[in-house]
Amino acid sequence: MLPFRAPTWLTAPALAWLLAHFAPARVNFEAHSDPEAEEPREICRDTLAEARRLRVAVPRLEAAEPSFAR
């Protein structure tokens, strides 16, 4: 973790260049933007189940449940 936040004018072009020229970064971003990917759905299901077990209110996650429920 860096002790500072990089400015947008610097990070946006750097990220664009990275995604255009470094295949592993591009693949990673593409995997996270796949609406049919199962892993993010499983993480949401597990997180919601754990929140319910611990009786922690997670209204936004509960509202999104239809999008990741089985």
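All residue numbers in this chain count up from 1 along the given sequence. Just the heavy atoms: all of them, side chains too, but no hydrogens, waters or symmetry mates, feed the values below.
One hydrophobic cluster, built from ILVMFWY side chains closer than 4.5 Å, holds both Leu54 and Leu48. Note: the hydrophobic cluster containing Phe22 also contains Phe29 (ILVMFWY, side chain heavy atoms under 4.5 Å, direct or indirect links).
Looking at Phe68 and Leu61, their side chains come closer than 4.5 Å, going by heavy atoms from C-beta outward.
When all heavy atoms of Thr8 and Pro13 are compared, the pair lying nearest together is O-CD, 4.0 Å. When all heavy atoms of Pro66 and Ala63 are compared, the closest pair comes out as CD-O, 3.4 Å.
Atom CD in Glu62 sits 7.5 Å away from atom CD in Glu65 (nearest 0.5 Å). Here the straight-line distance linking atom CG of Asp46 with atom CZ of Arg41 works out to 14.0 Å at 0.5 Å rounding.
Contacts of Trp17 classified as ring pair (Phe, Tyr, Trp, His ring centres under 6.0 Å), with partners at least two apart in sequence or in another chain: His21.
In Glu39, the CD atom is not crowded: 12 or fewer heavy atoms of neighbouring residues, nucleotides or ligands sit closer than 6.0 Å.
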